[in-house]
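Only one structure is covered here, and it is reproduced in the block below.
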Amino acid sequence: MIKTIIIFIFILLYGCNNDKPLSSLKDNQNDQKIAIPEFNSDSAFSFVATQVSFGPRIPNSQNHKQCKQYLINKFKSYNFNIIEQNFKAKTYNGTILDATNIIATINEKANIRIMLAAHWDTRPYADQETNPELQNKPIDGANDGASGVGILIELARILSKEKIDIGIDMILFDAEDYGAPAFEKAIEVNDDWCLGSQYWSKNLHTPGYSPNYGILLDMTGGRNAKFAKEEYSLKYASDIVEKIWTIAMNNGFDNYFIDKKVGAIIDDHYYVNTIAKIPCINIVNY
């Protein structure tokens with residue numbers, strides 16, 4: 001599944017260049033064949049496994065601090081420039097979090113830019129568990145958080161060896177998953193989810209930052225995952241949604257990227273669209 005998603009990202013990235021050699025995958029707009037660099041599934045999995053090895057990455061925890069340094073060092077090793085956007089966020093119950101959005105960029109002077117995003121923190125409660133005794137325990141977040149980040153790190157690894165003319169900004173949002181649990185009501189803030197993307201959208205890492213579009217990855221590593229057309233993605237960036245899903249259909253991956261509309265999801269892309277005014281879609285297992 002991770003391999004399928006990264007193929008479509010590569011088509012979008014490399015499709016901006018018309019002088020690339022041909023391969024077996026086709027762009028939907030002009031039927032141009034796009035060269036796709038080799039993807040290493042074991043490499044991507046190792047990036048997910050390493051994140052999980054730290055334990056739950058909850059802001060204010062030692063696990064969180066250790067994972068942050070790992071992520072920063074990993075992107076730096078692939079020649080990405082790093083911006084650490086440190087901020088404090090108030091949660092639904094008044095807890096103050098010390099959090100960090102991690103921004104990794106290449107080709108900073110390029111005019112054409114694409115934003116790719118995921119969240120790197122994990123949920124402090126397993127409130128969807130059917131066993132009440134487990135609902136207060138934190139989750140390791142292999143799928144919910146680490147899978148999207150793993151895709152971006154693997155993409156960074158490949159791009160460190162491939163020449164590309166456009167600018168890429170990978171943004172790892174923090175404090176996405178600290179919303180009020182199902183068994184408790186938010187009492188301090190209304191928009192209690194996606195605190196990192198809310199902060200970033202109000203405080204862009206570069207003044208006037210305006211990429212051509214953004215793609216958010218969330219819960220992308222689940223077994224037999226299906227990705228449908230999410231309502232907010234269609235509302236704010238329908239052209240990008242249709243491009244990706246048409247590529248999927250043209251290349252035989254429509255069993256994963258299904259031609260179906262589903263309801264709106266409050267996720268990081270919502271605030272990127274509504275506050276930062278950057279068209280951004282969400283590839284998420286609904």
Side-chain angles (χ1 to χ4, degrees), residues 44-77 82-104 117-129 131-153 156 170-189 191-203 205 216-222 266-268 271 284:
F45 180 82
S46 73
F47 299 140
V48 175
T50 300
Q51 293 173 78
V52 173
S53 72
F54 292 108
R57 281 85 65 204
I58 302 168
N60 295 352
S61 71
Q62 189 63 29
N63 296 349
H64 184 265
K65 293 177 182 178
Q66 292 174 345
C67 187
K68 180 178 88 169
Q69 199 57 54
Y70 161 75
L71 295 172
I72 290 171
N73 291 343
K74 185 57 67 175
F75 278 104
K76 283 183 176 180
S77 73
I82 298 295
I83 298 172
E84 296 180 51
Q85 188 181 56
N86 299 310
F87 64 99
K88 292 186 180 295
K90 180 185 285 190
T91 71
Y92 73 94
N93 60 6
T95 299
I96 302 299
L97 303 178
D98 290 313
T100 304
N101 292 325
I102 302 170
I103 300 99
H119 76 89
W120 69 277
D121 63 306
T122 55
R123 185 129 177 83
Y125 320 101
D127 52 325
Q128 299 303 313
E129 270 284 354
N131 184 349
E133 295 181 0
L134 299 177
Q135 291 178 354
N136 277 302
K137 293 186 176 182
I139 67 170
D140 285 331
N143 184 28
D144 193 359
S147 64
V149 175
I151 289 176
L152 297 187
I153 298 175
M170 299 187 184
I171 303 181
L172 309 186
F173 292 120
D174 202 356
E176 187 266 0
D177 239 345
Y178 217 111
F183 50 78
E184 192 170 346
K185 184 178 181 181
I187 57 176
E188 290 287 341
V189 294
D191 291 315
D192 53 316
W193 294 82
C194 308
L195 302 180
S197 57
Q198 290 187 61
Y199 182 87
W200 178 86
S201 296
K202 297 172 184 176
N203 304 273
H205 65 278
L216 173 68
L217 305 177
D218 198 3
M219 295 190 286
T220 51
I266 295 295
D267 207 341
D268 290 316
Y271 298 101
V284 59

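Quick caveat: nothing in here was measured; it's all calculated off a predicted structure.
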Which pair of heavy atoms, one from Gly148 and one from Ala118, lies closest together, and at what distance? C-CB, 3.8 Å
Sidechain-backbone polar pair: Glu129 side chain, Leu134 backbone, donor-acceptor under 3.5 Å: no
Is there a donor-acceptor contact under 3.5 Å from the side chain of Gln69 to the main chain of Lys65? no
Specify the closest pair of heavy atoms between Ile187 and Asn93, including all atoms of both residues, with the distance to one decimal. CG1-CA, 4.1 Å
What closest approach, in Å, do Ala89 and Leu195 show between heavy atoms, and which atom pair accounts for it? CB-CD1, 3.9 Å
With distance as the sole test, does Gln66 use its side chain to make a donor-acceptor pair with the main-chain N or O of Phe54 at under 3.5 Å? no
Testing the basics here: between Ile82 and Ala104, what is the closest heavy-atom pair and its distance to 0.1 Å? CD1-CB, 3.7 Å
Enumerate the residue pairs fulfilling salt bridge (Lys or Arg N to Asp or Glu O under 4.0 Å) with a member in residues 82-96, sequence neighbours excluded, ordered by first and then second residue. Lys68-Glu84, Lys88-Asp98, Lys90-Glu188
Across all chains, not counting sequence neighbours, the side chain to side chain contact (heavy atoms under 4.5 Å, CB included) partners of Glu133 are Asn131
Output all residues satisfying salt bridge (Lys or Arg N to Asp or Glu O under 4.0 Å) with Asp140, sequence neighbours left out; order by chain, then residue number. none
Measure up the Trp200 and His205 rings against each other and bin them: parallel (under 30°), tilted (30 to 60°), perpendicular (over 60°). parallel
Rounded to the nearest 0.5 Å, what separation is found between the CG atom of Asn101 and the CG atom of Asn203? 9.5 Å
Atom CG of Asp268 and atom NE2 of His119: how far apart are they, to the nearest 0.5 Å? 7.0 Å
Looking at Val48 and Gly150, what are the two nearest heavy atoms and their distance? CG2-CA, 4.1 Å
Nearest 0.5 Å please: distance from the CD1 atom of Ile72 over to the CD1 atom of Ile83. 11.5 Å
Counterpart residues, side chain to side chain contact (heavy atoms under 4.5 Å, CB included), relative to Ser77 (two or more places apart): Lys74
So Phe47 and Leu152, do their side chains get closer than 4.5 Å, heavy atoms only? no
Which pair of non-hydrogen atoms, one from Arg57 and one from Cys67, has the smallest distance, and what is that distance? CG-CB, 3.6 Å
OG1 of Thr122 to CD1 of Ile58, rounded to nearest 0.5 Å, is 5.0 Å
Salt bridge (Lys or Arg N to Asp or Glu O under 4.0 Å): pairs with one or both residues in residues 172-184, sequence neighbours excluded: none
Let's go through Asp144 and Asp218 carefully: what are the C-alpha distance in whole Å and the side-chain angles of both, what is the deciding distance for side-chain contact (heavy atoms from CB on, under 4.5 Å) to 0.1 Å, and is it a yes or a no? CA-CA 6 Å; Asp144 193 359; Asp218 198 3; 3.4 Å; yes
Atom CG in Asn60, atom CG in Leu97: separation rounded to 0.5 Å? 5.0 Å
Taking atom types as modelled and ignoring hydrogens, do the side chains of Asn63 and Ser61 form a donor-acceptor contact shorter than 3.5 angstrom? no
Evaluate Tyr125 against Tyr178 for side-chain contact (heavy atoms from CB on, under 4.5 Å), listing each step before the verdict. CA-CA 8 Å; Tyr125 320 101; Tyr178 217 111; 4.1 Å; yes
Could you measure the distance from the CD1 atom of Ile266 to the CH2 atom of Trp193? Nearest 0.5 Å is fine. 11.0 Å
In terms of relative ring orientation, are His64 and Trp120 parallel, tilted or perpendicular, with 30° and 60° separating the classes? parallel
Under the side chain to side chain contact (heavy atoms under 4.5 Å, CB included) rule, collect the residues that match up with Asn143, sequence neighbours excluded. Ser147, Met219
